[in-house]
Amino acid sequence: MKLPQMQYAGDRRTQQTIQFGALQYGRGGGEGDFAQTLNLSSRLFPALSQRPGRALVQEYQNATALFAKNKLLVVSGTSLYYDGEVVGTVTPGEKMIAAVNTKIIIFPDKVYYDTASHQFGSMEASTSASAAAVTWTTGALKLTVDDLDLTDLFSVGQGLRISGSSIGENNKTLTVRAVSTDTLTFAYNSFTEGTESGTVTVAREVPDLVCICESGNRLWGADGDTIYASALGDPLTFFSYEGVATDSYAVAVGTDGVFTACGAYSSNVLFFKETMLHKVLGAMPSEYRIYDYTIPGVQAGSQKSLVIINEVLYYKGPDGVYAYSGATPALISENFGVRTYRNAAAGTDGSRYYISMQDMATDDWNLYVYDPMCGVWLREDDTHVIDFARLDTRLHFLSGADGGVWAVGQGEEEPFPWEAEFYPLDDTLYGKRGYSKLWLKVEMEKGAHLKAEISEDGAPWRQAGMWHCSRAETVTAPVYPVRCDTFRLKLSGLGRCTIKNMVREFDIGSER
């Protein structure tokens with residue numbers, strides 16, 4: 001007697017091929033996404049590979065700033081280095097740096113280094129003369145002081161503030177028309193003639209700018225509630241108002257909050273507060289107009305996070321990283337979930353956005369990289385970057401840990417460890433448990449190591465495979481989880497390994 005056989009109702013051979021995705025700290029991650037990464041890159045997306053190598057260019061003591069203008073400029077303690085040579089002295093501490101034509105401007109010191117003339121100097125200048133040395137005419141001020149050469153201090157077109165005169169109406173700010181050894185000439189009828197009894201001071205002043213940038217061959221910045229621009233082509237000249245196109249510029253805004261950053265974007269200049277954007281439009285002072293927008297701005301302390309890639313401005317706001325293309329900024333860091341960061345500095349290699357920022361909960365530093373082409377975030381390591389600078393298409397950064405200036409993608413450093421912990425994978429379908437088998441296709445360079453670890457249903461990690469190549473080859477690496485509801489996969493290694501794909505064979509079993 002033959003009894004009927006029960007047919008197997010499960011799906012024995014459901015196969016899934018995983019395309020590697022992005023780092024995902026929050027909820028919503030899927031197969032191919034990562035719970036954590038170390039030293040990975042999206043350069044070979046959708047394959048999984050390691051970050052570019054790094055080459056140490058130079059180490060500095062107590063370094064606080066890095067900038068690129070034809071050569072690398074570094075602030076190390078109180079020394080200013082350009083192309084490895086000391087060119088000036090500054091105060092210790094963090095700096096804001098911008099370049100206008102040949103001059104590199106450094107704040108809050110208000111000093112500059114001219115890369116053409118190799119001159120280092122102060123942006124401000126002043127001199128004083130006692131009453132006996134002062135002669136007023138209607139259009140000029142003569143200062144007869146030993147060892148004083150006014151041409152060493154001031155130049156034509158600069159706005160100079162005159163103060164201390166006993167003739168009250170002569171205390172004003174004017175634009176100098178001519179400069180000789182002992183005489184400053186201004187517009188006719190600028191002064192009231194008379195006998196001086198006070199000590200007269202003439203000064204070229206620069207605002208105490210809290211953020212700076214270059215746009216349209218001018219130095220822009222903000223101090224208090226006022227936005228400033230230098231004279232055209234002369235970052236040393238502010239407060240020159242002659243009604244011409246080369247004038248400097250200043251305007252006060254009435255919005256709440258302090259300015260946190262500024263930057264050039266297309267033909268506009270953007271001034272950010274944490275919840276506000278002030279956009280300056282126009283080609284010359286008589287045409288400048290400011291438009292205000294209530295949008296997520298730049299986080300205080302993250303003024304170095306502004307980077308433009310393919311006409312998109314990326315920056316760190318109070319709630320995450322934003323992409324701005326002229327309209328409303330878009331939040332692109334949802335992957336970080338509830339994690340929050342501060343003190344961000346950023347740079348680009350031309351196609352990817354590198355950002356180093358400090359975790360607000362742990363104070364740990366993390367270096368992340370965002371690839372706009374594939375929308376992928378990955379974590380490289382715990383490098384604290386003080387400044388990024390791009391020189392000759394090569395990205396450099398200044399490390400806060402060792403004071404080293406590193407070049408990204410230059411040469412090949414010693415093999416470094418890497419790791420990819422995948423977002424948890426579900427081994428159930430409609431309440432039925434299944435069995436997964438994973439197959440990795442990996443290109444391994446000579447001497448590279450690869451290790452696979454598995455954790456089922458929250459159990460401790462266990463090694464599921466180890467591979468080593470004595471020569472460059474492509475291997476197929478199997479990984480076998482035991483029966484479970486969910487499991488986690490961690491891949492790690494040393495040396496170059498390109499994981500081209502991962503195939504998952506998923507067999508559906510019973511509900512128990």
Side-chain angles (χ1 to χ4, degrees), residues 12-24 29-54 352 369 371 373-374 376-381 409 411-427 434-457 459-484 486-507:
R12 289 182 178 274
R13 310 249 343 141
T14 300
Q15 182 170 298
Q16 302 174 15
T17 302
I18 294 179
Q19 172 179 283
F20 299 107
L23 183 67
Q24 181 64 261
E31 295 200 11
D33 288 336
F34 304 104
Q36 188 58 280
T37 62
L38 173 66
N39 287 327
L40 296 185
S41 172
S42 63
R43 292 182 303 160
L44 302 180
F45 181 84
L48 184 63
S49 62
Q50 290 73 50
R51 64 163 172 80
R54 300 170 183 170
R352 283 168 288 272
V369 182
D371 191 329
M373 292 297 293
C374 53
V376 167
W377 281 99
L378 292 173
R379 177 181 179 273
E380 286 203 352
D381 56 21
E412 184 64 35
E413 61 184 304
E414 292 296 319
F416 51 84
W418 60 270
E419 183 177 293
E421 180 184 336
F422 285 81
Y423 204 79
L425 298 170
D426 195 349
D427 240 13
Y435 299 86
S436 284
K437 298 177 184 178
L438 304 178
W439 305 87
L440 307 173
K441 188 175 183 180
V442 187
E443 292 181 354
M444 302 181 66
E445 292 189 356
K446 180 180 178 180
H449 293 261
L450 171 64
K451 180 172 70 173
E453 297 175 86
I454 288 286
S455 169
E456 295 97 349
D457 291 336
W461 292 102
R462 66 176 180 85
Q463 184 173 310
M466 176 78 77
W467 300 269
H468 170 67
C469 288
S470 57
R471 59 184 175 85
E473 61 180 311
T474 299
V475 300
T476 299
V479 179
Y480 302 110
V482 299
R483 193 180 190 191
C484 58
T486 61
F487 69 92
R488 294 178 295 156
L489 172 66
K490 182 193 297 183
L491 303 179
S492 59
L494 191 67
R496 296 287 175 183
C497 297
T498 301
I499 305 173
K500 300 182 70 174
N501 58 63
M502 181 166 66
V503 176
R504 180 182 177 195
E505 293 184 355
F506 187 68
D507 295 345

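We number each residue from 1, following the sequence as shown.
Heavy atoms only, all atoms of each residue included: Thr498 and Ala47 are closest at CG2-CB, 4.0 Å. The shortest non-hydrogen separation linking Val479 to Leu440 is CG2-CD1, 4.3 Å. Taking every heavy atom of both residues into account, Arg352 and Val369 meet most closely at CB-CG1, 3.8 Å. Minimum heavy-atom separation, Leu48 to Ala420: CD2-CB, 4.0 Å. When all heavy atoms of Arg496 and Gly53 are compared, the closest pair comes out as NH2-N, 3.5 Å. Taking all atoms of both residues into account, the shortest heavy-atom contact from His449 to Met444 is C-CE, 4.0 Å.
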Would Thr486 and Asp457 count as a side chain to side chain contact (heavy atoms under 4.5 Å, CB included) if you check the C-alpha gap in whole Å, the side-chain angles of each, and the deciding distance to 0.1 Å? CA-CA 5 Å; Thr486 61; Asp457 291 336; 3.8 Å; yes

Worked verdict on Arg504 versus Leu425 for side chain to side chain contact (heavy atoms under 4.5 Å, CB included): CA-CA 10 Å; Arg504 180 182 177 195; Leu425 298 170; 4.3 Å; yes

Side chain to side chain contact (heavy atoms under 4.5 Å, CB included) between Val482 and Phe487, intermediate numbers included:
CA-CA 9 Å; Val482 299; Phe487 69 92; over 6 Å; no

Exercise. Do Asp371 and Phe45 pass the side chain to side chain contact (heavy atoms under 4.5 Å, CB included) test, and can you show the C-alpha distance, the side-chain angles, and the key distance before you say yes or no?
Worked result: CA-CA 10 Å; Asp371 191 329; Phe45 181 84; 5.6 Å; no

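Note: Phe20 and Phe34 have parallel aromatic rings, judged against thresholds of 30 and 60 degrees for the angle between ring planes.
Rounded to the nearest 0.5 angstrom, Arg462 CZ and Glu456 CD are separated by 4.0 Å. Expressed to the nearest 0.5 Å, how far CG of Leu38 lies from CZ of Arg379 amounts to 6.0 Å. Taken from CG in Leu450 to CG in Leu494, the straight-line distance is 11.0 Å, to the nearest 0.5 Å. Put simply, CG on Leu491 and CD1 on Ile499 are 4.5 Å apart, with the number rounded to the nearest 0.5 Å. Between atom CD of residue Glu445 and atom SG of residue Cys497 there is a gap of 8.0 Å, rounded to the nearest 0.5 Å. One finds the CD atom of Glu443 at 4.5 Å from the NZ atom of Lys500 (value rounded to the nearest 0.5 Å).
For the pair Glu453 (side chain) and Trp461 (backbone), a donor-acceptor distance under 3.5 Å is absent. Judged by distance alone, the side chain of Arg43 and the main-chain N or O of Gln50 form a donor-acceptor pair under 3.5 Å. Of the possible donor and acceptor atoms, none in the side chain of Trp418 sits under 3.5 Å from a partner among the backbone N and O of Glu380. Within the 3.5 Å criterion, the main-chain N or O of Ala448 finds a donor-acceptor partner in the side chain of His468. Side-chain N or O atoms of Asp33 include none that pairs as donor or acceptor with a backbone N or O of Leu23 at under 3.5 Å.
For the pair Arg54 and Phe416, the NZ or CZ position fails the cation-pi test of under 6.0 Å to the six-membered ring centre and within 45 degrees of the ring normal.
Looking at heavy atoms from C-beta onward, Ile454 lies in side-chain contact with Leu489 at the 4.5 angstrom threshold.
The neighbour count for Gln463 CD, taken as heavy atoms of other residues, nucleotides or ligands under 6.0 Å away, is above 12. In Met373, the CE atom is not crowded: 12 or fewer heavy atoms of neighbouring residues, nucleotides or ligands sit closer than 6.0 Å.
By the salt bridge (charged side-chain N to carboxylate O under 4.0 Å, His left out) test, Lys441 pairs with no residue at all, sequence neighbours left out.
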